[in-house]
A.B. asks: 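Have a look at this one.
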Amino acid sequence: MAGRTPIRTINSALIAMIADEDTVTGFLLAGVGNVDLRRKTNYLIVDSKTTVKQIEDAFKEFTTREDIAVVLISQYIANMIRFLVDSYNKPIPAILEIPSKDHPYDPAHDSVLSRVKYLFSTESVASGRR
């Protein structure tokens, strides 16, 4: 297809995490964690001492690493860097906002859901359906 960038496939890809300690620990126990030879991890534990700059840097790093296929980010943390999350438009790595123990999921703030709603609303207007 013309104009589409090919999706590169690799043998294995990682899931990156930006979340609170309980959420990251749960995923680490499930086997999601990774530390490479340069001691770089595929997760950031966000607590009260974590700055917005550190969250932004981790998001930018995870979305530019070629070995990461999915970035899971707690929705309340994504709200701290909403401008970055909303401006990200590449298919890989996919950005998925997840709820955390202390902050329930709010569909009004989910960037993926809002994009899907936008696409369906334009399709229904274009086809004459409502």
A.B. asks: Considering non-hydrogen atoms only, spot the tightest contact between Q54 and T51 and give its length.
C.D. replies: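 Looking at all heavy atoms of both residues, the closest pair is OE1-N, 2.8 Å.
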A.B. asks: Between S74 (side chain) and Y76 (backbone), is there a donor-acceptor pair under 3.5 Å?
C.D. replies: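 Side chain of S74 to backbone of Y76, a donor-acceptor pair under 3.5 Å: no, none is there.
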A.B. asks: What closest approach, in Å, do R65 and L14 show between heavy atoms, and which atom pair accounts for it?
C.D. replies: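 So the two residues come closest at NH2-CD1, 3.8 Å.
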A.B. asks: Do I77 and I55 have side chains that get closer than 4.5 Å, going by heavy atoms?
C.D. replies: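 A side-chain contact under 4.5 Å exists here.
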A.B. asks: Go through the steps for K101 and E21 under the test salt bridge (Lys or Arg N to Asp or Glu O under 4.0 Å), then give the verdict.
C.D. replies: CA-CA 10 Å; K101 183 172 76 171; E21 185 175 14; over 6 Å; no
A.B. asks: Hey, is the main chain of A19 close enough, under 3.5 Å, to the side chain of T23 for a donor-acceptor pair?
C.D. replies: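 It does not hold such a pair.
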A.B. asks: Decide yes or no on salt bridge (Lys or Arg N to Asp or Glu O under 4.0 Å) for D36 and K40, but give the supporting numbers first.
C.D. replies: CA-CA 5 Å; D36 65 10; K40 289 280 213 179; over 6 Å; no
A.B. asks: How close do L44 and V24 get, heavy atom to heavy atom, and via which atoms?
C.D. replies: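 Smallest interatomic distance, heavy atoms only, reads O-CG2, 3.9 Å.
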A.B. asks: If you define the side chain from C-beta out and look only at heavy atoms, does anything of I81 sit under 4.5 Å from I73?
C.D. replies: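 Yes; the side chains approach each other to less than 4.5 Å.
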A.B. asks: Heavy-atom distance under 4.5 Å between the side chains of T63 and I95, does that happen here?
C.D. replies: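 Yes, their side chains come closer than 4.5 Å.
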A.B. asks: Would you name the heavy atoms of I45 and T50 that are closest together and state the gap between them?
C.D. replies: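 That closest heavy-atom pairing would be O-OG1, 3.6 Å.
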A.B. asks: Flag yes if more than 12 heavy atoms outside E61 fall under 6.0 Å of its CD atom; otherwise flag no.
C.D. replies: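 Atom CD in E61 is crowded, with more than 12 foreign heavy atoms closer than 6.0 Å.
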A.B. asks: Over all heavy atoms of both residues, which pair between T41 and F62 is shortest? Give the atoms and the distance, please.
C.D. replies: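 Looks like O-CE2, 3.7 Å.
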A.B. asks: Does any part of the side chain of F27, heavy atoms only, come nearer than 4.5 Å to the side chain of I15, both counted from C-beta?
C.D. replies: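 I15 vs F27: side chains apart.
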A.B. asks: When you look at K60 and L84, which way does the side-chain contact (heavy atoms from CB on, under 4.5 Å) test go after all the steps?
C.D. replies: CA-CA 8 Å; K60 289 175 185 175; L84 278 177; 4.0 Å; yes
A.B. asks: Is a donor on one side and an acceptor on the other found under 3.5 Å between the side chain of N42 and the backbone of N34?
C.D. replies: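 A pair under 3.5 Å: yes.
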A.B. asks: Using the rule given for side-chain contact (heavy atoms from CB on, under 4.5 Å), can you reason through E97 versus L72, listing the C-alpha separation, both sets of side-chain angles and the distance that settles it, and then say yes or no?
C.D. replies: CA-CA 6 Å; E97 296 178 28; L72 299 177; over 6 Å; no
A.B. asks: Closest approach of I68 and P93, non-hydrogen atoms and distance?
C.D. replies: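 Closest pair (atom of I68, atom of P93, distance): O-CB, 3.5 Å.
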